[in-house]
Structure formats: structure tokens, C-alpha cells
Amino acid sequence: MIVGKINQIGDILTTDNTNIANQYAENLQIQVEFDNKYDGYSWLWFCGYSYQQPKAVPILFDSTTSLITLPAEAFKHDGPLYVQAAVIKEGVKFTLEPVKFCIGQSLNQDFIQHGPTETEILQALIREIVKNEYDAPLQELITEAKQQQEIASEQQEIVSDLILIEQEYQKQEAIRVENENTRIENENQRKADEITRVESETNRVAKENERLASEAERIDSENTRNAKESERIGNERLREEKEVLRITKENERLASEAERIDSENTRKAKESERIENERLREEKEALRITKENERIANETVRIENESERQTISAEAVKNAQNATNNANTAAEEARSAVRDFSDTIISFEEFNQLENIQSGEQVKVLFGKIQQYFEYLLPTGGTIPFPGETAPNGYLLCQGQAVSRTTYSNLFNVIGTIYGSGDGSTTFNLPDLRGRVPVGKDDRDTDLKTLGNKGGEKAHTLTAQEMPSHNHSATLTINSGGAHTHTASSNSTGAHTHSVSGSAASAGTHYHDMDQSTFNKLDTKYGLTNSSPAYNDRVVGLNSSTSIGTRSAGAHTHSISGTAASAGGHSHTITVNSGGAHAHTGTVSITNTGGGQAHNNMQPYIVLNYIIKY
């Protein structure tokens with residue numbers, strides 16, 4: 001019964017049905033659809049699931065029907081089910097990311113996780129894959145060695161060792177080819193970035209040329225304005241002379257800018273030549289890689305032929321005996337070396353047993369323990385300064401490069417994607433310590449509390465806020481401005497009075513107006529009426545509004561005497577007579593200093609590489 005479907009797209013496995021009910025527990029199969037990326041490769045399938053303890057087993061794959069059969073035990077408990085595949089061709093193996101299914105009581109019910117965690121299931125799955133990749137082939141070699149022990153047991157030992165050495169060589173060669181491909185990809189990206197930079201620089205030069213043209217037009221307009229200004233005001237000659245000096249300096253700047261543009265064009269030509277040389281170098285490198293791949297293929301065929309020849313050759317017995325002697329010599333050297341590690345993780349019982357090492361398998365066990373000791377001294381992810389150009393075996397340069405999550409799985413388990421997620425699925429980035437020094441993580445400091453944060457600068461230009469408070473000396477020059485006036489005030493003389501005497505000047509014959517309300521009050525007080533003679537005698541006449549007028553008394557004056565009241569402390573405004581309409585102009589000159597350049601922010605240093613253990 002088919003209960004699900006897996007699609008293989010490149011290096012990714014996906015599924016559109018993640019839920020499987022656990023009542024389907026017998027003869028369950030999943031359909032697999034492939035693209036053509038791994039045509040000609042052999043496929044190995046594994047599954048990991050949770051039942052009392054984490055399980056991981058190889059599963060059956062029918063290449064004719066593209067169906068994989070799931071184990072019934074995986075459906076005895078709710079929980080996650082992982083399916084993972086590996087592809088193999090000519091000794092090269094790739095492992096694809098697993099697909100997760102949910103085993104539950106029904107298709108509409110979310111699974112309830114019991115027993116081991118998903119992490120433990122994935123770890124068991126990885127161990128099963130490693131077992132099938134390395135332990136199973138090793139067990140086959142041991143079985144075959146036992147079958148051939150009566151004929152040439154020593155010969156089988158040397159053949160097995162040669163196969164293991166060649167497999168390790170092929171693995172290292174595959175890693176080297178992968179690193180070389182990564183370097184070529186980075187170089188292609190650098191070339192693309194360089195082309196983008198050249199295009200950006202070309203646009204900047206074009207804009208700079210436009211700015212220069214606009215600046216030339218502005219200078220022409222400025223010259224025209226200066227000519228008109230010279231005709232309008234004769235006293236502007238001094239300003240025009242300064243403007244001419246400024247224009248001269250601007251012309252010098254324009255000439256310098258033109259020279260800079262010529263230098264930039266020369267640099268662009270050299271850069272284009274460098275890019276072309278780089279392209280030719282890449283073509284040669286690609287040809288070298290192709291030849292290297294051919295050499296690896298030929299070497300693989302040669303090793304296969306050599307293994308077959310040694311199996312059937314009587315001379316192999318003699319060679320095997322020599323290999324046994326060499327193994328015994330190596331074992332003796334190993335025993336001598338181990339005596340120097342009396343306080344390591346090797347127990348005294350194991351140390352005494354080393355005296356009886358007689359085979360290559362025992363030597364491998366010994367070196368495995370020595371390797372554990374060195375892993376204890378510097379764990380995976382340990383980072384140290386290194387004075388060489390190339391990282392030693394077991395280490396990588398800390399240059400921020402993206403590396404394979406599968407090839408360097410131990411290192412990936414330590415640092416994850418803290419320093420970059422690579423392509424997001426198959427690679428991750430190493431720490432980039434080029435031009436930087438490490439600093440300890442500090443949860444008390446917001447800049448230092450997160451691993452991978454960067455800061456600081458090699459050179460720094462001060463901003464206005466960072467400069468110390470200071471003053472500039474200034475010189476003020478005032479030119480004569482012609483006739484003008486000045487406003488001044490006298491000082492207060494305190495509270496005082498002013499005597500007043502004299503007479504008001506005659507205003508000639510005149511009348512005084514009185515409004516209607518005042519006249520009504522006179523009616524009430526004196527009993528005046530329209531028919532009263534007194535009224536006719538006093539009133540000159542009413543106008544058409546509400547005002548009346550008193551009779552003229554003729555031209556006369558009024559005497560005035562007395563004292564003006566004190567105004568308290570006060571001041572008086574004084575106006576200085578103008579010496580003719582004029583103004584004053586002034587020029588303030590403030591002395592500048594400093595160049596505004598960035599200052600060196602580096603401590604005394606020596607340049608080394610940083611390497612990280614994988």
C-alpha cells in the first residue's frame with residue numbers, strides 16, 4: 001500500500017504528505033520521483049523512528065518500481081519518522097537531507113511525541129548511515145579475510161590496509177576537489193563583483209563629467225555676473241579680485257580633477273587587463289581540474305587492477321609478510337610513543353596490553369585512542385593563531401568561507417550557522433578573522449553579548465560631536481560706509497521733576513465742539529429750552545449729528561505755569577546728526593586648521609592566520 005510520495009530535486013528531498021496513520025502497519029510503501037541529477041548513481045535508503053528507543057535501519061528500495069518499503073515496527077508508536085538517502089558512484093558518496101513524516105492515530109490528528117526525542121532519532125539515523133558506509137564494508141573485509149586465512153592471512157591484511165589507505169586518499173581527494181570548486185565559485189563571484197564595481201565607477205565618472213560641465217557653466221555665469229557687478233559698483237573691485245582668485249583656484253581644482261579622471265581611466269584599463277588575465281587563469285585552472293579528475297579516475301582503475309593482481313599473485317604472500325614485519329615495527333614504535341603518555345586517557349591495563357600488539361587492527365585501535373587524546377587537548381571548533389600560509393591537516397583557515405555541512409559535520413554541530421548559513425541547506429560559513437582580533441563574549445554589554453557580532457574600524461574620522469570644545473581667532477575689518485546716523489540713549493539720572501512756564505500760543509478765532517450728551521446735561525442743570533433767550537444767546541447751533549459748538553471768543557492765549565510730575569528713574573533717546581547717508585561694511589576672517597583626515601586606530605600588531613579544528 002502506497003501511503004506517501006517523496007520528490008528528489010537536486011540535493012533536496014521533499015514530500016507533500018507528512019501525516020501517516022499508524023493503523024497502516026504492514027507492507028507500507030512510499031513512491032519516489034527522481035530528477036536526472038544522479039542518473040547512473042546507486043541509491044541507499046535508511047529510516048529512523050521512535051519506538052521505546054531510537055531506531056535507525058536500512059530500508060528496501062525497488063529501483064524498477066521506485067518504491068521504498070517501510071518497517072512495520074515504525075508504526076507501533078506515535079512519533080516522527082525520518083527517511084534519508086545516500087547516492088554512490090565510483091567511490092564518491094553524497095548524503096541528502098532527511099524527510100520527516102508524522103506517525104499518528106489518524107491523518108487529521110497531530111502526533112504526540114513519546115519516548116526518544118527527534119534529536120536522538122536523527123543521531124541514531126546518522127550512526128546507521130555511518131555504520132553502512134564504513135562498518136559494514138569493514139566487516140565484509142574481515143569476513144573475507146577469515147575465509148582466506150588458511151591461504152594467505154597476512155596477504156589479506158596488507159590488501160585491507162591498502163584499500164583503507166586508498167579510500168582515505170580518495171576521500172581527501174574528493175574534499176580537495178570540493179574545496180577547489182568552492183574556490184572557483186568564489187573567484188567567479190569576485191570577478192562578477194569586480195565587473196559591478198567597474199560599472200559603478202564608470203557611472204560615477206560620467207556623473208563627475210556632468211558635474212564638471214555644470215561647474216564650467218556656473219563659472220561662465222559667475223564671470224558674467226562679476227562683469228555686471230564691476231559696472232554697477234566701483235567699490236566691489238576688492239570683492240571681484242577675491243572672486244578672481246577663487247576662480248583661479250577653482251580652475252586649478254578642475255585641472256587637478258581632469259588629471260584624476262585621466263588616472264582613473266588608466267586604472268580602469270589596467271583593471272580590464274587584469275580581469276582578462278584572471279579569466280585566462282581560470283580557464284587554465286579548469287583544464288587542470290579536468291586533467292586531475294581524469295588522473296583520479298585512472299588511479300582508481302589502477303588500484304582496482306592492483307588489488308585483483310595481488311589477490312591471485314603468489315608474490316603477494318611475500319609482500320604480505322613484509323607488511324606484517326612493518327606492522328610489527330610500527331606497533332613497537334607505537335608502544336614506545338604511548339609510554340610517553342602515562343597520564344592520558346589510555347588506562348594502565350590497556351597500556352600493558354600494548355606490549356602484545358601483533359596485528360594492524362590492534363595498531364588502529366591504539367591510534368584511535370591517541371586521536372581521542374588529541375581531541376581532548378583541542379576539541380572540534382578550537383581556534384588558534386597559525387604562522388603558516390596553508391592550514392595543516394584537520395584544520396581550516398578562518399576566512400569566512402562556506403564549507404560543506406556533510407563533510408565537516410562535527411564542526412557544523414559545534415558552531416552551526418552562527419557565522420553564516422552558507423547556501424541555506426548544504427553549506428555553512430566559518431568565522432572570518434581576516435583583519436580582526438577576537439574579543440570575549442560579555443552578556444553585560446549589548447555589543448558583545450551575541451556570538452559573531454563585529455565592530456571597530458581600522459581608521460576613524462572624527463565627527464563634530466567627537467571634537468573637543470574650542471575657539472577660533474577672528475579679525476574684523478570695518479570699511480568706511482559714508483554718511484549715516486547712530487542711535488544712542490542717555491543714562492538714567494534718578495527720580496526728578498522739570499519746571500514748566502510760558503503761554504500757549506494763540507490759535508486764532510475758533511470754536512469748541514460739544515457732543516449731544518454733554519449738552520443734555522446742561523439742559524438739565526440750567527433749564528435751557530429751544531425758546532429760551534439764554535439758549536439762543538449761548539448756542540451757536542446744532543449740526544446734523546450729535547455735536548454742538550461754543551461761540552468764538554476771538555484770538556487769545558492761555559498762561560501756563562507749574563511743575564511736571566516726576567517720571568522716576570528713566571532714560572532719554574539721543575539721535576546723533578547724520579553726516580550724510582552712509583553705511584559700514586566689515587569682513588570677519590576666521591583662521592582654519594587641520595586636514596579632516598582619518599587617524600590610525602590600530603594597536604601594535606603582527607599578521608598571522610587563524611585556523612579552526614574540524
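Along the sequence shown, residues are numbered consecutively beginning with 1. Computation of the quantities below employed the complete heavy-atom set of this structure, encompassing side-chain atoms and omitting hydrogens, waters and symmetry-equivalent molecules.
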Indicate whether any N or O donor in one side chain lies under 3.5 Å from an N or O acceptor in the other, for [X] and [Y].
| X | Y | answer |
| --- | --- | --- |
| Ser425 | Glu97 | no |
| Thr182 | Asn179 | no |
| Gln189 | Asp193 | yes |

Please check: side-chain N/O of [X] versus main-chain N/O of [Y], any donor-acceptor pairing under 3.5 Å?
| X | Y | answer |
| --- | --- | --- |
| Asp442 | Lys449 | no |
| Thr224 | Asp220 | yes |
| Gln8 | Gly10 | yes |
| Ser256 | Glu252 | no |
| Thr14 | Ile12 | no |
| Gln401 | Gln399 | yes |

Exceeds 12 heavy-atom contacts within 6.0 angstrom, atom [atom1] of [X]:
| X | atom1 | result |
| --- | --- | --- |
| Glu457 | CD | yes |
| Glu466 | CD | yes |
| Asp445 | CG | yes |
| Glu273 | CD | no |
| Arg281 | CZ | yes |

Charged N-O contact under 4.0 Å between [X] and [Y]:
| X | Y | answer |
| --- | --- | --- |
| Lys268 | Glu271 | no |
| Lys191 | Glu194 | no |
| Asp432 | Arg434 | yes |
| Glu292 | Arg295 | yes |
| Arg260 | Glu257 | yes |

_In terms of relative ring orientation, are Trp45 and Trp43 parallel, tilted or perpendicular, with 30° and 60° separating the classes?_
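Rings of Trp45 and Trp43: parallel, as their planes differ by under 30°.
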*Might you point out which heavy atoms bring Ser421 and Asn429 nearest each other, and give the distance in Å?*
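Heavy-atom minimum between the residues: N-OD1, 3.6 Å.
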